[in-house]
Amino acid sequence: VQLQASGGGLAQAGGSLRLSCAGSGRTFSYYAVAWFRQSPGEERTFVSEINWNGGRTVYADSVADRFTMSRDNAKNTVYLQMNGLKLEDTAVYYCAAYDSVRGKQYSGNYRRTGDYDYWGQGTQVTVSS
């Protein structure tokens with residue numbers, strides 16, 4: 001699968017952005033998808049993950065009450081709705097995936113970059129005061 005992230009941009013603190021991750025191929029629904037983010041000089045860290053049908057999601061504690069992940073398999077797209085943005089949300093956001101039907105099953109516990117096999121390019125999110 002190939003992934004392409006989009007939707008980043010500049011937002012004010014307290015504002016909202018919606019990121020999209022578009023996947024290729026007829027088996028996109030097989031894939032669990034996650035969002036990670038990386039700030040300059042820091043490691044890439046887990047943000048959220050969604051299972052193959054959108055029925056299960058998990059979030060990092062820092063975003064759990066502000067971000068919502070969803071997917072539309074008919075459009076081969078996963079979304080990250082980000083509300084209540086904070087300065088510390090500024091980062092490059094990456095979507096990533098693994099085949100949860102033909103490979104390891106979704107567990108909600110895959111939070112390391114090495115757990116994901118496919119990566120999109122990043123999209124920059126900048127939050128200003």
Side-chain angles (χ1 to χ4, degrees):
V1 69
Q2 292 183 321
L3 304 173
Q4 184 166 356
S6 63
L10 178 64
Q12 288 191 326
S16 298
L17 284 173
R18 188 177 79 159
L19 305 184
S20 298
C21 177
S24 63
R26 293 178 294 176
T27 60
F28 181 74
S29 63
Y30 288 9
Y31 291 82
V33 180
W35 288 97
F36 285 76
R37 64 187 183 185
Q38 186 170 23
S39 301
E42 298 189 6
E43 293 185 350
R44 195 170 297 185
T45 59
F46 175 85
V47 175
S48 62
E49 184 190 5
I50 193 165
N51 76 328
W52 71 275
N53 68 356
R56 297 176 65 184
T57 53
V58 290
Y59 300 91
D61 290 344
S62 59
V63 307
D65 59 346
R66 300 182 294 120
F67 291 8
T68 302
M69 199 170 176
S70 62
R71 67 189 298 160
D72 184 343
N73 284 337
K75 296 181 178 180
N76 278 12
T77 304
V78 169
Y79 304 99
L80 182 67
Q81 179 66 44
M82 305 186 295
N83 298 328
L85 285 165
K86 302 178 179 181
L87 298 180
E88 52 264 41
D89 294 321
T90 295
V92 177
Y93 284 70
Y94 298 88
C95 56
Y98 62 88
D99 189 329
S100 63
V101 172
R102 295 168 292 193
K104 63 190 179 191
Q105 293 185 348
Y106 173 89
S107 71
N109 293 320
Y110 296 125
R111 303 195 177 203
R112 302 174 303 174
T113 56
D115 292 326
Y116 293 81
D117 302 311
Y118 304 94
W119 289 84
Q121 89 294 355
T123 186
Q124 175 71 48
V125 171
T126 303
V127 183
S128 64
S129 59

Do the side chain of Gln121 and the main chain of Ala5 share a donor and acceptor less than 3.5 angstrom apart? yes
What do you reckon, is NZ of Lys75 surrounded by more than 12 foreign heavy atoms closer than 6.0 Å? no
Any link between Tyr110 and Met69 through a network of hydrophobic side chains (Ile, Leu, Val, Met, Phe, Trp, Tyr) touching at under 4.5 Å? no
Under 3.5 Å, side chain of Asn76 to main-chain N/O of Gly25, donor-acceptor pair present? yes
Go through the steps to decide whether Gln124 and Thr90 satisfy the test side-chain contact (heavy atoms from CB on, under 4.5 Å), and finish with yes or no. CA-CA 8 Å; Gln124 175 71 48; Thr90 295; 4.1 Å; yes
Interatomic spacing from OG in Ser100 to CD in Glu49 - rounded to 0.5 Å: 8.5 Å
Tell me whether Val63 is reachable from Ile50 by hopping between hydrophobic residues (I, L, V, M, F, W, Y) whose side-chain heavy atoms are closer than 4.5 Å. yes
Quickly, which of Tyr30, Tyr106, Trp52, Tyr116 forms a ring-ring contact (aromatic ring centres under 6.0 Å, His included) with Tyr98? Name it, please. Tyr116
Do you know which two heavy atoms are closest between Cys21 and Phe28, and how far apart they sit? O-CZ, 4.4 Å
Do you know the tightest heavy-atom contact between Val58 and Gly108? CG2-O, 3.7 Å
With the 4.5 Å side-chain cut-off for hydrophobic clustering, are Leu3 and Val78 part of the same group? yes
Between Ser29 and Asn73, which heavy-atom pair has the shortest distance, and what is it? CB-ND2, 3.4 Å
If I take atom OH from residue Tyr79 and atom OG1 from residue Thr68, how far apart are they, to the nearest 0.5 angstrom? 14.5 Å
Could you tell me whether a side-chain N or O of Arg56 sits under 3.5 Å from a main-chain N or O of Asn51, the two making a donor and an acceptor? no
When rounded to the nearest 0.5 Å, the distance separating CD of Gln105 from OG of Ser107 is 9.5 Å
side-chain contact (heavy atoms from CB on, under 4.5 Å), that's the test. Do Thr113 and Glu43 meet it? Break it down for me. CA-CA 10 Å; Thr113 56; Glu43 293 185 350; over 6 Å; no
Of the non-hydrogen atoms in Gly84 and Ser16, which two are nearest, and what is the gap between them? N-OG, 4.4 Å
Is there a donor-acceptor contact under 3.5 Å from the side chain of Thr77 to the main chain of Ala22? no
Do Arg71 and Tyr31 form a cation-pi contact, if we require the NZ or CZ to be under 6.0 Å from the six-membered ring centre and within 45 degrees of the ring's axis? no
Let's go through Ser129 and Leu87 carefully: what are the C-alpha distance in whole Å and the side-chain angles of both, what is the deciding distance for side-chain contact (heavy atoms from CB on, under 4.5 Å) to 0.1 Å, and is it a yes or a no? CA-CA 7 Å; Ser129 59; Leu87 298 180; 4.1 Å; yes
Same cluster or not: Val47 versus Val125, using hydrophobic residues (I, L, V, M, F, W, Y) connected whenever any side-chain heavy atoms lie under 4.5 Å apart? yes
If the test is ring-ring contact (aromatic ring centres under 6.0 Å, His included), which one of Trp119, Tyr93, Tyr94 qualifies with Phe36? Trp119
Please check if atom CD in Gln81 has more than 12 non-hydrogen atoms from other residues, nucleotides or ligands closer than 6.0 Å. yes
Near Arg26 CZ, under 6.0 Å, is it more than 12 heavy atoms from other residues, nucleotides or ligands? no
Inter-residue atom distance Asp99.CG - Thr27.OG1, 0.5 Å rounding: 6.5 Å
In short, Ala11 meets Leu85 closest at the heavy-atom pair CB-CD1, 3.7 Å
According to a hydrophobic-cluster definition based on side-chain heavy atoms being under 4.5 Å apart (Ile, Leu, Val, Met, Phe, Trp, Tyr only), do Leu10 and Leu19 belong together? no
In short, Ser48 meets Tyr59 closest at the heavy-atom pair CB-CD2, 3.4 Å
Looking at CZ of Arg37 and OG1 of Thr123, how far apart are the two atoms once the value is rounded to the nearest 0.5 Å? 14.0 Å
